[in-house]
Amino acid sequence: MSERPLLQPVAAPFFEKNTLELARTLLGCLLVKETEEGVAAGFIVETEAYMGAWDRAAHSYGNRRTKRTEVMFQSPGYVYTYQMHTHCLVNVVSGREDIPEAILIRAIEPYIGTGLMFARRKVKEVKQLTNGPGKLTKALGITMKDYGRVFYERPLFIAEGFKPEQIMTGPRIGIDNTGEAKHYPYRFWVKDNPFVSRR
DNA sequence: CCATTGATGGTCT
DNA sequence: GACCATCAATGGG
């Protein structure tokens, strides 16, 4: 009998894809966080691509390099966390080194550690646990301390999941003041999944 | 069910 | 001091 752990991180080359392709590929994959409290994981069901230097909605627009965006210039697979108001949001760094692209994880479907998620979120309905980018980080225990980790190693990693039947595409959420970029169809989600943040 | 609004704190100029 | 890749509470249909 195999004693291999149930959840195994993907290998680093998994992230070596065109950013828009990776944003689609991440749908259905597991996002896993291991802490002292236990393991929590969910299937990614909604993502948004941020296309770096020429995308006005990206933090790295114009190759802007600051303490916050620094990790976006790393090789693909790095963890980019940043704070929005009182919430921590998590991104997968994409694009080769010095190409500052990233993919925001906007929603997951709880799979493992639902009890732990409820303890962290204090909501009543399962749906409310992880149907938004600030909600899922709190449910999984992802914080600014995860900035600069890599998604192909523990304790915060991507693992294989399911293959979505149908993927939907549309404009990104909450980026009204970015001119042309507002209309780019860089948001991806699993069709009819109840945990997608908006329909 | 949906739309609106106020609270919120770190980052960057 | 402005700007947000948000959330939860509220009030109406």
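All values derive from a computational prediction rather than experimental measurement. Keep in mind that the numbers below use all heavy atoms, side chains included, and drop hydrogens, waters and symmetry copies. Naming: A, B, ... by sequence-line order, numbering from 1 per chain.
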Exercise. Without hydrogens or angle criteria, can the side chains of A:Y50 and A:E48 be said to hold a donor-acceptor pair below 3.5 Å?
Worked result: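 Result is yes, a qualifying pair exists.
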Exercise. For the residue pair A:F43 and A:Y111, is the inter-centroid distance of their aromatic rings smaller than 6.0 Å?
Worked result: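 Centroid distance A:F43-A:Y111: below 6.0 Å, so yes.
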For this session: State whether A:E70 and A:R65 are salt-bridged, where the test is any N-O pair (Lys NZ or Arg NE/NH1/NH2 against Asp/Glu carboxylate O) under 4.0 Å.
Result: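 Salt bridge: yes.
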For this session: Mind checking salt bridge (charged side-chain N to carboxylate O under 4.0 Å, His left out) for A:E16 and listing every partner two or more places apart, or none if nothing turns up?
Result: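 So A:E16 forms no salt bridge (charged side-chain N to carboxylate O under 4.0 Å, His left out) with any residue.
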Output the single nucleotide from [options] whose closest atom is nearest the side chain of [X].
{"X": "A:T86", "options": "B:dG9, B:dC12, C:dA8", "value": "B:dG9"}
{"X": "A:L89", "options": "C:dC7, B:dG9, C:dA5", "value": "C:dA5"}
{"X": "A:N91", "options": "C:dA5, B:dC12, C:dT6", "value": "C:dA5"}

Problem set entry | Test item: A:F15 and A:V93 side chains (from C-beta on) under 4.5 Å apart, heavy atoms |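 Answer no - side chains too far apart.
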For this session: Kindly say whether, by distance alone, the side chain of A:H59 makes a donor-acceptor pair under 3.5 Å with the base of C:dA5?
Result: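 Such a pair exists between side chain and base.
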For this session: Please say whether the positively charged group of A:R172, taken as NZ for Lys or CZ for Arg, lies over the ring of A:Y186, i.e. under 6.0 angstrom from the six-membered ring centre and within 45 degrees of the axis.
Result: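 No.
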For this session: On DNA chain C, check which nucleotide each of A:N131 and A:N177 is closest to and give me the residue with the more 5' one.
Result: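 Final value for this comparison: A:N177.
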Exercise. In residues 41-56 of chain A, which ones come under 4.0 Å of DNA chain C, going by heavy atoms?
Worked result: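 The answer is A:Y50.
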Problem set entry | Dot-bracket line, read 5' to 3' along DNA chain B, where crossing pairs take [ ] and | marks a partner on another strand, Watson-Crick or G-U under 3.5 Å | |||||||.||||.
Exercise. With the 4.5 Å side-chain cut-off for hydrophobic clustering, are A:L156 and A:V32 part of the same group?
Worked result: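 No; tracing contacts between hydrophobic side chains, which count when under 4.5 Å, never links both residues.
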For this session: Describe the nucleic acid contact of A:R68 in one word from base, sugar-phosphate, nothing, applying a heavy-atom distance below 4.0 Å.
Result: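 It contacts sugar-phosphate atoms only.
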